Amino acid sequence: MTDAAATPPTDFVRDRVRADQQSGKVKHVVTRFPPEPNGYLHVGHAKAICTSFGIAAEFGGKCNLRMDDTNPEAEDQEYVDAIQEDVRWLGFQWDGLYYAADYFDQLYRWAEQLVQQGDAYVDEQDAETMAKNRGTVTSSGTASPFRNRSPADNLLLLRRMKNGEFQDGTMVLRAKIDLAHNNLNLRDPVMYRIRHLPHQRAGASWCIYPMYDWAHGQSDSIEGITHSLCTLEFEHHRPLYDWFCDKLAIYKPQQIEFARLNVEYLLTSKRKLLQLVEGGHVDGWDDPRMPTLRGMRRRGFPPEALVAFCKHVGLAKFNSTHEYALLDHYVRDYLNKTSLRRMAVLDPLKLVIENWPSGQVEMCEATNNPEDASAGTRLVPFTGELWIEREDFQENPPKDFFRLSPGREVRLRSGFFVTCTGIDKAADGTITAVRCTYDPATRGGNAPDGRKVKATIHWVSTAHALDAEVHVLDHLFTVPDPQGHEGKDFLDFLSPKSRVVRRGKLEPSLKDAAAGQRFQFERLAYFVCDAKTSTKGAPVFLRTTTLKDSYQKTQKKAGG
RNA sequence: UACCCCAUAGUGUAACGGUAGCACAACAGAUUCUGAUUCUGUUUGUCAAGGUUCAAAUCCUUGUGGGGUAACCA
């Protein structure tokens with residue numbers, strides 16, 4: 001990961017930025033991240049953020065955060081705040097914080113300019129008629145009967161629109177371009193619509209609001225953006241972006257489009273995420289199974305891993321979908337180096353050590369993080385009755401199973417070697433306890449005679465175990481591409497196993513886990529102490545991602 | 001059906017007319033007090049057909065396949 005950070009990425013966008021800088025066309029690179037504050041940020045935004053902020057940083061430039069708040073119907077201050085919080089969490093700091101709404105005055109003056117130039121007109125057709133008259137992709141549109149009004153009439157009407165003399169939807173201001181253009185965006189696009197609605201930032205001063213196309217390029221221009229980076233679906237809007245700047249004769253930034261991020265199992269459609277929340281399929285926007293930045297944060301995803309992932313994913317114009325394994329790789333890579341190791345038993349089976357001195361408690365020293373010596377060690381209480389993982393014992397093991405089984409010796413991590421001497425069973429045949437003896441000479445985990453064991457398993461003293469809620473989280477969907485199936489809704493693929501809540505037996509030190517602290521429960525997975533539901537002394541742990549498990553993999557392949 | 005964009009191992013992504021490379025995944029082995037990590041090695045690729053050129057993943061043409069576009073959303 002460090003090498004990825006040290007090696008500047010290469011892609012067609014950076015190539016152009018570099019070329020512009022070298023040719024002298026651009027002196028100081030300025031980019032921007034322009035979210036609409038009508039929802040929470042998700043992984044897809046993470047790529048956009050890493051791209052615009054990353055490029056600005058690499059080229060010694062600046063990057064603004066701009067709220068693209070031109071539609072008061074959907075926007076809210078809550079999102080404005082959440083967006084800033086999420087961008088900061090990812091590790092980025094904007095140079096300027098701007099709002100499209102702050103440009104409304106300038107935008108309006110420019111609109112009057114276009115009207116006076118004869119480049120815009122007020123149209124009184126209703127929305128339905130206008131849509132019909134726009135034509136289709138294969139047929140050209142027909143002109144509005146209001147298209148050839150005089151600039152003077154249009155100007156008067158526009159002022160009256162602005163002054164609130166007309167009802168919502170009765171008229172719009174349109175650019176006068178070409179009703180026969182192949183690019184539908186240029187068939188006299190709407191610039192202003194009437195909405196008698198207060199704006200979360202501009203207050204009650206406006207009743208006409210600019211459309212995206214009429215606001216975005218000019219906002220970029222005002223801020224002196226040199227490279228306006230956006231996703232592929234805005235490609236068709238670039239000619240309009242350019243047209244407005246040209247007609248206004250103002251500075252024209254360069255818009256460059258790249259493919260949006262797609263990752264298996266993760267949805268990035270605001271509409272579908274909203275459906276998940278409103279349908280109660282998840283607990284909210286910050287549900288740890290959600291691909292929102294808040295959800296991922298709560299799940300324990302390190303922002304560094306997300307950034308490394310985005311960096312690796314790169315920029316291209318090809319519509320691709322990344323394997324979840326790649327994201328997982330960066331998450332594990334970071335967590336492996338940084339998270340404290342702890343022992344926790346999720347599916348407990350009792351282990352009784354028959355030759356253990358009754359009542360004795362040994363404090364065993366355990367390494368906190370083998371990848372980081374500065375993390376130090378801790379003491380874990382060892383007694384004659386322990387919890388071990390049910391799947392770490394098999395009465396009749398297959399040849400490739402080398403954990404505990406009758407007659408076999410294994411190491412209890414950081415503790416002692418134990419040898420299985422027998423098992424207790426309930427009437428129905430289920431194993432209720434495993435009996436064994438321990439070798440006192442193996443304290444600390446090594447045999448003085450040099451003998452080896454094939455396996456090391458984790459354990460927790462029954463007398464000291466912390467009983468805690470553990471959420472075993474998995475993909476929200478049963479298939480990697482829940483949205484591409486004919487005749488099926490993505491909700492049909494909701495996984496019933498995406499969250500399994502269980503009571504775990506955890507080593508006592510976990511009682512003091514801090515909210516948001518990340519751990520590796522050894523031999524199992526990475527977990528985070530849930531910042532939302534944990535209370536003092538009663539932590540709740542969420543599974544971020546599993547540890548790789550090559551044994552389980554071979555088992556599955558063998559049809560197990 | 002019109003226009004725009006795109007096409008390189010399983011998945012992504014480099015190579016900018018001159019040896020097709022990297023990451024993840026997969027597989028095999030070594031190491032290991034986590035069947036983790038780490039290390040070593042292996043497999044697999046230029047959508048198709050023509051053309052230009054000494055030389056094409058790269059340039060041109062055509063075809064095929066994929067994506068996008070017809071909100072008073074962004």
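In this text the structure is predicted, and so the values were computed from the model without any measurement. Just so it is clear: chains get the letters A, B, ... in the order the sequence lines come, proteins before strands, and each one is counted from 1.
Among the protein residues, A:F401 comes within range of the nucleic acid bases, having at least one heavy atom under 4.0 Å from a base atom. At a threshold of 4.0 angstrom between heavy atoms, the contacts of A:R413 include nucleobase atoms, whether or not backbone atoms are also involved. Using a 4.0 Å heavy-atom criterion, one finds that A:L547 contacts the bases of the nucleic acid, with or without backbone contacts as well. When heavy atoms are screened at a 4.0 angstrom cut-off, A:S550 is found touching the sugar-phosphate backbone but no base atom. If you check every strand for non-hydrogen atoms under 4.0 Å, A:K454 touches nothing. Counting any heavy atom pair closer than 4.0 Å across all strands shown, A:D168 reaches no nucleic acid atom. As judged by a 4.0 angstrom heavy-atom cut-off over every strand, A:E36 is placed among residues touching the sugar-phosphate backbone only. Backbone-only contact: A:T321 has heavy atoms under 4.0 Å from sugar-phosphate atoms and none from a base. Residue A:F402 is classed as a base contact, given a heavy-atom separation below 4.0 Å to a base. A:N183 comes within 4.0 angstrom of nothing in the nucleic acid, heavy atoms only.
Between A:K548 atom NZ and B:U34 atom C1' there is a gap of 14 Å when expressed in whole angstrom units. Between A:L524 atom CG and B:A36 atom C1' the separation is 11 Å, expressed in whole Å. Rounded to whole Å, atom P of B:A70 lies 13 Å from atom CG of A:L240. A:N368 has its CG atom 17 Å from the C1' atom of B:A36, to the nearest Å. If you take CG of A:N185 and C1' of B:G68, they are 11 Å apart, rounded to a whole angstrom. The interatomic distance linking A:L184 (CG) with B:U69 (C1') rounds to 6 Å, in whole Å. Atom P of nucleotide B:G35 and atom NZ of A:K399 are separated by 19 Å, given to the nearest angstrom. When the P atom of B:C72 is taken as reference, atom CG of A:D188 falls 12 Å away, rounded to whole Å.
Shown here are the side chain to side chain contact (heavy atoms under 4.5 Å, CB included) partners of A:E233, two or more places apart in sequence or in another chain: A:T231, A:R260. Taking the side-chain hydrogen bond (donor to acceptor under 3.5 Å, both in side chains) definition, one finds that A:E73 meets it with A:R195, sequence neighbours left out. Qualifying side-chain hydrogen bond (donor to acceptor under 3.5 Å, both in side chains) partners for A:D15, counting only residues two or more places apart in sequence or in other chains: A:R18. Applying the salt bridge (Lys or Arg N to Asp or Glu O under 4.0 Å) criterion to A:E389, with sequence neighbours excluded, gives no partner residue. In terms of the side-chain hydrogen bond (donor to acceptor under 3.5 Å, both in side chains) criterion, residue partners of A:S509 (sequence neighbours excluded) are, by chain and number, A:R342, A:E507. Contacts of A:E371 classified as side-chain hydrogen bond (donor to acceptor under 3.5 Å, both in side chains), with partners at least two apart in sequence or in another chain: none. Residues satisfying the salt bridge (Lys or Arg N to Asp or Glu O under 4.0 Å) criterion with A:D123, sequence neighbours excluded, are A:R174. Here A:R408 pairs with nothing under the salt bridge (Lys or Arg N to Asp or Glu O under 4.0 Å) rule; sequence neighbours left out.
For the pair A:K337 and A:D333, the salt-bridge criterion is met [side-chain N within less than 4.0 Å of a carboxylate O]. Using a 4.0 Å cut-off between charged side-chain N and carboxylate O, A:R451 and A:E409 make a salt bridge. One finds a salt bridge joining A:R403 and A:E391 here, because a Lys/Arg side-chain nitrogen approaches an Asp/Glu carboxylate oxygen to under 4.0 Å. Using a 4.0 Å cut-off between charged side-chain N and carboxylate O, A:R14 and A:E58 make a salt bridge.
Taking the C1' atoms as reference points, B:U52 lies 8 Å from B:C59, given to the whole Å. Using atom C1' as the reference point in both B:A71 and B:U58, the two lie 40 Å apart (nearest Å). The same atom, P, is picked in B:A9 and in B:A57; the two are 14 Å apart, to the nearest Å. Going from the P atom of B:U69 to that of B:A74 covers 16 Å, rounded to whole Å. Taking atom P in both B:A20 and B:G45, one finds a spacing of 14 Å when rounded to whole Å. Taking the P atoms as reference points, B:A7 lies 10 Å from B:A14, given to the whole Å. Only the C1' atoms considered, B:U11 is 29 Å distant from B:G17, to the nearest whole Å. The same atom, P, is picked in B:U44 and in B:G10; the two are 11 Å apart, to the nearest Å.
Under 3.5 Å, the side chain of A:R195 and the base of B:C72 form at least one donor-acceptor pair of N or O atoms. Residue-to-nucleotide contacts include no donor-acceptor pair under 3.5 Å from the side chain of A:E235 to the base of B:U69. Side-chain atoms of A:R332 stay outside donor-acceptor range of the base of B:U37, with no qualifying N/O pair under 3.5 Å. At a cut-off of 3.5 angstrom, the base of B:G10 holds at least one donor-acceptor pair with the side chain of A:E323. Not a single donor-acceptor contact under 3.5 angstrom links the side-chain atoms of A:H181 to the base of B:A70. Put simply, the side chain of A:R523 and the base of B:G35 share no donor and acceptor less than 3.5 Å apart.
Base pairing in RNA chain B gives the following stems of 3 or more Watson-Crick or G-U pairs, range against range and under 3.5 Å: B:2-7 with B:64-69, B:10-13 with B:21-24, B:26-30 with B:38-42, B:47-51 with B:59-63.
Within residues 209-219 of chain A, the residues approaching RNA chain B are A:P210, A:M211, A:Y212, by heavy-atom distance under 4.0 Å.
Legend: salt bridge (charged side-chain N to carboxylate O under 4.0 Å, His left out) pairs involving residues 37-47 of chain A, not counting sequence neighbours: none detected.
Between A:R187 and B:C3, a side-chain N or O to OP1/OP2 separation shorter than 4.0 Å is absent. Contact check, A:T70 against B:A74: a side-chain N or O comes under 4.0 Å of OP1 or OP2.
Side-chain proximity of A:V172 to the nucleotides B:C72, B:A2, B:U69 is greatest for B:C72. When distances run from any side-chain atom of A:H236 to the nucleotides B:C4, B:A74, B:A25, the shortest one goes to B:C4. Considering only side-chain atoms of A:V137, the nucleotide from B:A36, B:A70, B:A74 that sits closest is B:A70. Residue A:R193 has its side chain nearest to B:C73 when only B:G12, B:U34, B:C73 are considered.
Between A:L261 and A:V43, some side-chain heavy-atom pair lies under the 4.5 Å cut-off.
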> How does protein contact run along nucleotides 13-18 of chain B, one letter per nucleotide 5' to 3', with B for base contact, S for sugar-phosphate only, - for none, heavy atoms under 4.0 Å?
Replying inline: SS-B--
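Ring geometry for A:Y108 versus A:W206: interplanar angle of 30 to 60°, hence tilted.
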